2 protein chains.
Amino acid sequence: MVSSGGRVPATLESVAAAAGVSRATASRVLTGSPRVSEAARDKVLAAASSLAYVPNAAARSLVTRRSDTVAFVVCEPEEKFFSDPFFATVLKGAHRIVAAHSLQLVFVVVATDEDRDQLERFAAGGHLDAAMFVSLHGSEDMPARLDALGLPVVMAGRSLDPGAAGLPVVDVDNAQGAGVATRRLVERGCRRIGTISGPTDMAGSMDRLDGWREAMAAAGRTPHEDDVVTGDYTVEGGHEAMVTLLDRGPEVDGVFCANDLMAAGALRAIADRGLSVPDDVAVVGFDDIPVALATQPPLTTVHQPIEELGRRMAQSLVTSLVAGEPAPQHVRLHTHLVVRGSA
Amino acid sequence: MVSSGGRVPATLESVAAAAGVSRATASRVLTGSPRVSEAARDKVLAAASSLAYVPNAAARSLVTRRSDTVAFVVCEPEEKFFSDPFFATVLKGAHRIVAAHSLQLVFVVVATDEDRDQLERFAAGGHLDAAMFVSLHGSEDMPARLDALGLPVVMAGRSLDPGAAGLPVVDVDNAQGAGVATRRLVERGCRRIGTISGPTDMAGSMDRLDGWREAMAAAGRTPHEDDVVTGDYTVEGGHEAMVTLLDRGPEVDGVFCANDLMAAGALRAIADRGLSVPDDVAVVGFDDIPVALATQPPLTTVHQPIEELGRRMAQSLVTSLVAGEPAPQHVRLHTHLVVRGSA
DNA sequence: CTGTTAGCGCCTTCAC
DNA sequence: GTGAAGGCGCTAACAG
């Protein structure tokens, strides 16, 4: 408490002096080395606390060659991602685990090739000990590039980049989730079931589309290509896509949307047409974010454990960082259907 | 390109050697010092690029005593904040500016006193050059504590902590925005206008409530205390609050909600009652986040420039960090009413 | 304009 | 168990 507004930074040197021991011993105590006597330990600890000692991060990092920093990388060429609560929830989960291990989380956005190079040198410069990736589009190569630098890496969902094959992934069974959603529509008695898919350059989108296709086939349906419209995971995109779907086939009476935001947009398009949900058109979403409760009617949707996704990614990095063990190659989380009013 | 998967970290020393100059000169070139000859500069730059040299952050930080790191601090005792897109949007704006100045953004959540102490020592340890705060509840003292450490600080919205008086703030005129919203309800002909406020321990919530009160008074209305219900900025909270409002006064025909998420919940409660919006009850929200487009009907709401809020906060820190100038004490952004279907 | 000389604060062999 | 000494990679005077 001595130096509250303290202008004196207190170094290991001063702590050692105050404790009447050498710098080496003080260091041993502070890093938790076992080879120190009780007495010395007590004196050092007392001195450190009375001087409000805080180890200098840079100095430590310089010699340990670790930054105790983990990156949360958002690969977002189109910046739509941010308005999706999905993103914040993953971040929250990741932060929780990372903080519990006294690591710091740096937030990085990669949109341009310049950003990519900058991130790579950032990592090469020793700023980073590991990185987790979210919202991977197309053949994003940053996971592979950082992996090549020797950093532990993990991705939320597969990457379409061939170079990323074999890197740790945390995801849910998108195809299965989509299948459950589609089956709900079938069992409800929908005659013509369409789908609004996510961007075609994202693995998860494609898996959900496949899930829809498979479930349709399993139900003996042979969907027309007109019943598939590609969206962009936004409310507006979902609205537009639904308009298209309705224009192409006014008899559509069931729709599986690849995320809740698009489902919310679809709901609005349906209402604009004077149609009612779920009687005229039943709608199922994916994610189960808060907006699913705010729509009219509330959304029937495929729940995925978003926060846990973030936790598991962080856990994966911590495992290979702290424990030094290899990270699990693929963690797959479970989804389940939450039935509300829209289907 | 030589050492792509390079095991050789390349130091300033090696660059200098390769360029045939001293370490000092190499350093001057790399830090952009003017006092270097063309020739030397070229040789150093060539050597650096051919060796894929990346300066070691820790070493530099150790001597410059700057970390080039800015913290984005979320003071969130109740962790509801994350599901609000508001949060992600501020983060996005802040990141943009921070990245443009080659600073890194570390993401910090403060929920417990332990977190507070940890953040303080993190800052004291030289990890941080500045910090911006978001979602300030009650008398959160971290802004003041970091300020006491000598770090530039900025807050999104006022803090109720007396110690934070005088610290830089970026916000909108909440009272005015609430007033515009309320007036809309009055002009629409609503007879009994209620409000769902935000948490009472947040300055912005109280300002919006005041704005409602003032506008009511200006319109010659003397609202009953029953017409004020405190919410928590979540969809569920808004739903509950609306139920209460309707129970207490079924004649309520206008409601100002302190944010869009609560407005979305209110919409649902109204629909559950078999009432229609805006004919039976008109609703105005605050924020203008994407969910405002997803509700049925879409929300009439007070737009605030959320991303700009983040940009301005970052700008404030950059100003006092890079330019060394004092940050603007109070930046106030503008709001405006966006009329959609709900009022 | 450039090289030389000192550390920045800390961890870590290496002897004792 | 403990101290002495060296050096991580870089910048910043200080001379020339």
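When reading the values below, keep in mind they use all heavy atoms of this one structure, side chains included, and skip hydrogens, waters and symmetry mates. Every chain is numbered from 1 and lettered A, B, ... according to where its sequence line falls, protein lines coming before strand lines. Predicted model only: the values in this text are computed from it and were never measured.
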| Reading DNA chain C 5' to 3', how would its secondary structure be written in dot-bracket notation, given Watson-Crick and G-U pairs with both distances under 3.5 Å, brackets [ ] for crossing pairs and | for partners on other strands? | ||||.|||||||||||
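- Per the geometry, CZ belonging to B:R41 stands 13 Å off C1' belonging to C:dT2, to the nearest Å.
- Of the options B:V106, B:L103, B:L105, a side-chain contact (heavy atoms from CB on, under 4.5 Å) to B:T69 is made by B:V106 and by none of the others.
- A side-chain donor-acceptor contact under 3.5 Å links B:D171 and B:H330.
- Other residues, nucleotides and ligands contribute over 12 non-hydrogen atoms within 6.0 Å of the CD atom of A:Q329.
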Can you list, pair by pair, the side-chain donor-acceptor contacts under 3.5 Å of residues 150-161 of chain A, counting residues two or more places apart and other chains?
from   : atom 1 : to     : atom 2 : distance (Å)
A:R158 : NH1    : A:D207 : OD1    : 3.4
A:R158 : NH1    : A:D207 : OD2    : 2.7
A:S159 : OG     : A:D161 : N      : 2.9

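- The NZ atom of B:K43 sits 15 Å away from the P atom of C:dC1 (whole-angstrom rounding).
- Put simply, the side chain of A:F86 does not reach to within 4.5 Å of the side chain of A:V134, judged on heavy atoms.
- Across all strands, A:L62 comes closer than 4.0 Å to base atoms (heavy-atom distances).
- Nucleic acid contact class of A:A58 (heavy atoms, under 4.0 Å, all strands): none.
- Proximity of B:M132 to B:V98: side-chain heavy atoms (C-beta onward) are separated by under 4.5 Å at one or more points.
- Comparing B:S22 and A:R60 along DNA chain C, the residue whose closest nucleotide (by nearest heavy atom) sits nearer the 5' end is B:S22.
- Rounded to whole angstrom, the span from the CG atom of A:L51 across to the P atom of C:dG9 amounts to 14 Å.
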What nitrogen or oxygen pairs link the protein and nucleotides 12-16 of chain C at under 3.5 Å?
none

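- Residues A:L91 and B:L91 have side chains in contact (heavy-atom distance under 4.5 Å, counting atoms from C-beta outward).
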Below 3.5 Å, can you tabulate the donor-acceptor pairs from side chains in residues 138-145 of chain B to any protein atom, sequence neighbours excluded?
from   : atom 1 : to     : atom 2 : distance (Å)
B:E140 : OE1    : B:R116 : NH1    : 2.5
B:E140 : OE2    : B:R116 : NH1    : 2.8
B:E140 : OE2    : B:M142 : N      : 3.3
B:R145 : NE     : B:E120 : OE1    : 3.3
B:R145 : NH2    : B:D117 : OD1    : 3.0
B:R145 : NH2    : B:E120 : OE1    : 2.6

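- Taking 4.0 Å as the cutoff to heavy atoms of chain B, we find the contact window on DNA chain D bounded by D:dG9 to D:dA13.
- The aromatic ring centroids of B:F81 and B:F87 lie less than 6.0 Å from each other.
- If you take CG of A:N56 and C1' of C:dC8, they are 8 Å apart, rounded to a whole angstrom.
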Side-chain donor-acceptor contacts of residues 311-318 of chain A below 3.5 Å, not counting sequence neighbours, with atom names and distances?
from   : atom 1 : to     : atom 2 : distance (Å)
A:R311 : NH1    : A:E307 : OE2    : 3.4
A:R312 : NE     : A:E308 : OE2    : 3.4
A:R312 : NH2    : A:E308 : OE2    : 3.4

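- Using a 4.5 Å heavy-atom cutoff, the side chains of B:F133 and B:L167 are not in contact.
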